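To start, the structure itself, in structure tokens.
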Amino acid sequence: MTTSIKQLPDNEQVLSGNGACGGCPATMALRIVGKALGPNAIMLLTPACAVASMGMTPRLGYNWPCINITFASAGSSASGIIHAVEIMKEKGRLQGEVPTVFSWVGDGGTYDIGFQALSAAAERNENIIHFCYNNEAYSNTGVQRSGATPRGTWTTTTPTGKRQPKKNMARLMLEHNIPYVATATVAYPGDLYDKVVKAKSIRGMKYIEILAPCYLGWQFDMPETVQMSRMAVRSGAWLLWEAENGKISFNNPTSHIISGKKEAEPVNEYLMKQGRFSRLLKGPDAAERMAEIQGDIDREIAFMRERAKITI
Ligand SMILES: Cc1ncc(C[n+]2csc(CCOP(=O)(O)OP(=O)(O)O)c2C)c(N)n1
Ligand code: SF4
Ligand SMILES: [Mg+2]
């Protein structure tokens with residue numbers, strides 16, 4: 001049974017007065033992650049909105065020891081920290097439980113700039129959790145395209161809409177044969193919470209990616225953040241799944257789409273709600289480009305349906 005929002009614990013690791021935009025989906029997700037991890041954790045951050053949001057020393061918006069590192073080095077820095085704390089524990093220089101070491105990194109820092117170190121940490125099966133909060137762009141620097149930006153999206157570096165499909169980072173992490181990979185999003189907080197609790201209990205490398213619809217980059221009204229997250233899942237543009245030791249299972253409502261019990265909603269309504277697609281959808285080739293986006297989604301659903309049958 002998925003934990004309900006009412007059952008989430010009261011502890012808060014994200015403090016009030018931090019500098020995130022009101023209603024920021026990444027911060028919303030971090031609150032839930034904090035409830036699952038608790039206070040005994042060390043957080044690593046690469047340059048991103050999450051860093052700009054945390055405030056200026058000596059004030060801090062997050063209730064953990066936080067380390068700001070370079071864009072490229074989340075995987076290697078987190079590896080160093082977990083080795084250090086585990087050795088301290090071994091030598092009796094650390095009392096109590098070894099803290100959870102986790103990276104909180106955007107899609108730019110995960111898909112693109114930090115990929116090499118992350119892939120290497122996964123191959124070494126380091127005992128860390130890498131979270132990617134995916135707002136599908138480099139938001140903190142004014143919305144540039146990333147490897148996570150879907151086809152058709154306007155960004156400042158794709159003014160006529162990105163021509164290429166996004167890559168599937170969670171699937172790439174799965175192919176590293178690590179013990180746990182999961183996807184989540186803010187409209188399903190219990191699902192995210194349960195996945196983080198599970199990840200915390202597993203030794204080795206864990207990767208959790210959270211779709212975070214950012215009103216600023218996606219250009220919709222901020223109160224619709226959760227609705228946008230829900231529409232992404234219902235249209236199949238974002239699939240909720242997890243893989244323990246390579247075995248994939250799907251979570252509701254994605255499981256109904258994968259099993260064929262329910263059809264994914266057509267993507268049009270989801271796209272039309274977002275200003276980042278508006279130029280595209282008003283153009284002369286709108287129907288063709290919308291069909292391309294729908295094609296990307298249908299292909300991914302079909303692929304995951306088949307991929308889930310393979311256990312490595
Ligand atoms: C090597 C390097 N290149 C570029 C930058 C500038 N920069 C700071 S934050 C940022 C965007 C980060 O994007 P993402 O990781 O997706 O996080 P988001 O801003 O969307 O939260 C960029 C490009 C940097 N700090 N270091
Ligand atoms: S720009 Fe988007 S991701 Fe960044 S703080 Fe604002 S709402 Fe959050
Ligand atoms: Mg981003």
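All figures in this text were calculated on a predicted structure; none of them were measured in a lab. All ligand and atom numbering here is 1-based and tracks the order in the structure. The first residue of the sequence shown is numbered 1, and numbering continues consecutively from there.
Under 4.0 Å from ligand 1, heavy atoms of Tyr138 appear from its side chain as well as its backbone. By the criterion of a heavy-atom distance under 4.0 Å, the backbone of Ala137, and not its side chain, is placed next to ligand 1. Counting heavy atoms under 4.0 Å from ligand 1, residue Asn135 touches it through the side chain alone.
Within the protein, the number of N, O or S atoms lying under 2.8 Å from the Mg ion (ligand 3) is 3.
Listed by chain and number, the protein atoms of type N/O/S under 2.8 Å from atom 6 (Fe) of ligand 2 are Cys21 SG; waters are omitted.
Residue Glu97 qualifies as open at atom CD: its count of foreign heavy atoms under 6.0 Å is 12 or below.
The Tyr133 neighbourhood of ligand 1 comprises atoms 17 (O), 18 (P), 21 (O), with distances under 4.0 Å to a heavy atom of that residue. Within the listing of ligand 2, atoms 3 (S) sit less than 4.0 angstrom from a heavy atom of Asn135.
Taking any N or O of Ile113, backbone or side chain, none lies under 3.5 Å from an N or O belonging to ligand 1.
Remark: side-chain polar atoms of Ser139 are not paired, donor with acceptor, to backbone N or O of Gly217 under 3.5 angstrom.
Sorted by first and then second residue, the side chain to side chain donor-acceptor pair (under 3.5 Å) pairs involving residues 213-233 (not counting sequence neighbours) are Thr185-Ser229, Gln227-Arg230. Identified under the ring-ring contact (aromatic ring centres under 6.0 Å, His included) test for residues 104-162, with sequence neighbours left out: Phe102-Phe131, Trp104-Phe131, Trp104-Tyr133, His130-Tyr207.
In terms of protein heavy-atom proximity, atom 17 (O) of ligand 1 is closest to Ala48 CB, 3.3 Å. At the shortest separation from atom 16 (O) of ligand 1 among protein heavy atoms lies Gly108 N, 2.8 Å.
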